[in-house]
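The next block holds one structure in the form of structure tokens; read it before the comments.
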Number of protein chains: 2
Amino acid sequence: MDNNHNIQFDHINQFFYAAFTVDNVIFGFDGGDLKILLIKRGEEPFSGKWALPGYFVRKTETLDSAAKRVLEELTGLKNVYLQQVRSLGKIDRHPAGRVITVGYFSLIKIEDYKIQPSATGMAKQAEWWSLKEIAELAFDHDEVIDFAFEMLKRRVRTQPIGFELLPPKFTLTELQQLYEAILLSDAPPESNKLDKRNFRKKILSMNLLVDLNEVQEGVAHRPAKLYRFDKEKYHALQQAGFSYGL
Amino acid sequence: MDNNHNIQFDHINQFFYAAFTVDNVIFGFDGGDLKILLIKRGEEPFSGKWALPGYFVRKTETLDSAAKRVLEELTGLKNVYLQQVRSLGKIDRHPAGRVITVGYFSLIKIEDYKIQPSATGMAKQAEWWSLKEIAELAFDHDEVIDFAFEMLKRRVRTQPIGFELLPPKFTLTELQQLYEAILLSDAPPESNKLDKRNFRKKILSMNLLVDLNEVQEGVAHRPAKLYRFDKEKYHALQQAGFSYGL
DNA sequence: TCAAAAGTGTTTGGGTTACACCCATGA
DNA sequence: TCATGGGTGTAACCCAAACACTTTTGA
């Protein structure tokens, strides 16, 4: 707590009283529902309560690398879509002292998720929770989720990040269900879906999908064509600067 | 540095090694140019360098209230549009130890700005700098400005925050110049302005402007009509949920 | 009377929306 | 053959973009 300090900066030593954490809102999509990966805390404070996966930032870590570490320890996944959302800093949000948290959100393919044995340090348990049914959480984690979800809704309109949540091969209907789960989350349930024809027209006109010439197997109806996302074309477009709405 | 701590939380005491600051990107508009209020630092580190106004967050402050305090100490202004932007946390960004900064941006009417005597504590000097000509800054403050300006550009398309930067009475041309300064900042200088007729059509169709039935005085050409922004209508619209582009 | 900025409508094209029926498969 | 979801085209409408001349004032 007193390393790093320097006689030259005596007047500001009084401000080195805080700790900070990262908390990660990890989104996944299971074909019908948008979900968040929560852990059951195994240590104080809030031991036994559900919470966002997160931890203190170490001296050797940047904010981003701490967020990556938390994600990898829990899921085993690297190279994941990860964005800083916002920091929360109420004075008494942590009983152990002044702790600021930096919220992140990440998008993973839910099928890739495996609980890592190493994650059992802090987490007794990890589970996917549907956005709607999330219980009372530790700290101010419900606020972090609200901010993250708002950011996801904004992002999905201007960047094709939906693909981060889908398996490598997917159908247009799956893609549409994902957009509906994100964009129509607060709309009346069975009412206004997106229009199927218009959705397909729009998505296909972006030329970001590659037709795999394969179809679903084992479904009790006409099998759907499978597509993959064309990352190369997307990056080329991004360079040139583009945006779209849905 | 050791208050607040509790025997129950011994295992995390090691993480209370950091300090955190707020840095505020204060935008103003002088009729032609979008500007940022910078201070010349009067204390170490980076004494003598230009920097964003900012300071350490005290134990009794939230992040937001620290940002408000910094703004008020420097400008004397309260009730200002203020938004958190993003936190930066590179390991060695502050020579005195681990210091995370939380970036904010605010929008003020440039004519309201008066340097406060109390601000001379840390700031030897404060000055408006045109966005294009901002010199090398202390810390990573150029990054904070980049993030803040990107956020401003996004916000101005979906919320009528431009009015925060204009005097109470303004002309449509002034409003247009403001939008041009924000939205066309990276476009070739004298080339593509916004179209005057389309801009007016769009702005007036929003019904957020009140025609004051007054005109400019003392101009060497046909005087322009003056308008004010209708906050009541704006809030009503916001409740109902709206958005627009330009 | 001249310079300088204010003010004002119409046309065109592209994109979004609304909408209904046939197709392929497994049970 | 039936149930289930997959797949397809067109017309109407609205909003965005392009575009040029007249008006009012002070110098």
Side-chain angles (χ1 to χ4, degrees), chain A residues 30-32 156-158 160 166-167 169-181 183-184 187 190-228 237 241-246, chain B residues 30-32 156-158 166-167 169-181 183-184 187 190-228 237 242-246:
Chain A
D30 74 356
V156 87
R157 291 175 175 279
T158 53
L166 290 175
K169 300 178 181 187
F170 53 86
T171 69
L172 291 176
T173 299
E174 285 167 349
L175 184 60
Q176 180 174 348
Q177 286 169 342
L178 171 61
Y179 274 88
E180 286 170 350
L183 295 176
L184 307 180
E190 292 310 309
S191 65
N192 46 346
K193 302 274 180 206
L194 299 175
D195 181 89
K196 185 163 53 158
R197 278 175 287 194
N198 293 337
F199 180 81
R200 286 163 183 239
K201 223 181 312 171
K202 180 142 202 168
I203 290 288
L204 292 174
S205 74
M206 290 172 196
N207 279 320
L208 291 171
L209 293 190
V210 180
D211 184 342
L212 288 167
N213 293 312
E214 293 176 56
V215 293
Q216 285 179 314
E217 284 174 22
V219 289
H221 53 77
R222 176 173 175 178
K225 293 172 79 169
L226 293 171
Y227 292 84
R228 70 172 174 84
L237 267 178
F242 82 117
S243 92
Y244 60 85
L246 265 159
Chain B
D30 74 357
V156 87
R157 291 176 175 278
T158 52
L166 291 173
K169 300 177 180 184
F170 53 85
T171 68
L172 291 177
T173 299
E174 286 166 348
L175 184 61
Q176 182 174 346
Q177 285 168 344
L178 171 61
Y179 274 89
E180 286 170 349
L183 295 176
L184 307 179
E190 291 311 307
S191 66
N192 46 346
K193 303 274 180 209
L194 298 175
D195 181 89
K196 185 163 53 160
R197 279 173 288 192
N198 292 337
F199 180 82
R200 285 163 185 241
K201 226 180 308 172
K202 181 140 200 167
I203 290 288
L204 292 174
S205 74
M206 290 171 197
N207 280 321
L208 292 171
L209 294 190
V210 180
D211 184 341
L212 289 167
N213 292 314
E214 293 176 58
V215 294
Q216 284 179 311
E217 283 173 23
V219 289
H221 54 78
R222 174 172 177 179
K225 294 173 78 169
L226 293 172
Y227 293 84
R228 71 172 174 84
L237 267 179
F242 81 116
S243 91
Y244 58 85
L246 267 160

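So that the names make sense, note that chain A is the first sequence line, chain B the second, and so on, each numbered from 1.
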Take the protein atom [atom1] of [X] and the nucleotide atom [atom2] of [N], then report the distance between them rounded to whole Å.
| X | N | atom1 | atom2 | value |
| --- | --- | --- | --- | --- |
| Q216(B) | dT25(D) | CD | C1' | 11 Å |
| D211(B) | dA6(C) | CG | P | 15 Å |
| K196(B) | dA20(D) | NZ | P | 14 Å |
| Q176(B) | dT8(C) | CD | C1' | 14 Å |
| H221(A) | dG7(D) | NE2 | C1' | 12 Å |
| R222(A) | dC2(D) | CZ | C1' | 17 Å |
| F199(A) | dG5(D) | CZ | P | 18 Å |
| Q177(A) | dG5(D) | CD | P | 10 Å |

Kindly indicate whether the side chain of [X] and the base of [N] share any N or O donor-acceptor pair separated by less than 3.5 Å?
| X | N | result |
| --- | --- | --- |
| R197(A) | dA20(C) | yes |
| K202(A) | dT17(C) | no |
| D195(B) | dA16(D) | no |
| K201(B) | dT8(C) | no |

Counting side-chain heavy atoms from C-beta on, which of [options] comes nearest to [X]?
| X | options | value |
| --- | --- | --- |
| N198(B) | dA18(D), dC19(C), dT23(D) | dA18(D) |
| K225(A) | dG7(D), dA6(C), dT24(D) | dG7(D) |
| R200(B) | dA18(D), dA5(C), dT8(C) | dT8(C) |

Inset, instruction - Go through the steps for Y179(B) and F199(B) under the test ring pair (Phe, Tyr, Trp, His ring centres under 6.0 Å), then give the verdict. - result: CA-CA 10 Å; Y179(B) 274 89; F199(B) 180 82; 5.8 Å; yes

Inset, instruction - Name the nucleic acid region contacted by T171(B), choosing base, sugar-phosphate or nothing; use a 4.0 angstrom heavy-atom cut-off, strictly under. - result: nothing

Inset, instruction - Only one of H221(B), R222(B), K225(B) passes side chain to side chain contact (heavy atoms under 4.5 Å, CB included) with Q216(B); say which it is. - result: H221(B)

Inset, instruction - Identify the residue among L172(B), L212(B), V210(B) that makes a side chain to side chain contact (heavy atoms under 4.5 Å, CB included) with Y227(B). - result: L172(B)

Legend entry - 5' priority, DNA chain C, between V219(A) and P223(B) [closest heavy atom]: P223(B)

Inset, instruction - Considering non-hydrogen atoms only, spot the tightest contact between D195(A) and N198(A) and give its length. - result: OD2-N, 2.9 Å

Inset, instruction - Please round to the nearest 0.5 Å and tell me the distance separating atom CG of L175(A) and atom CZ of R200(A). - result: 9.5 Å

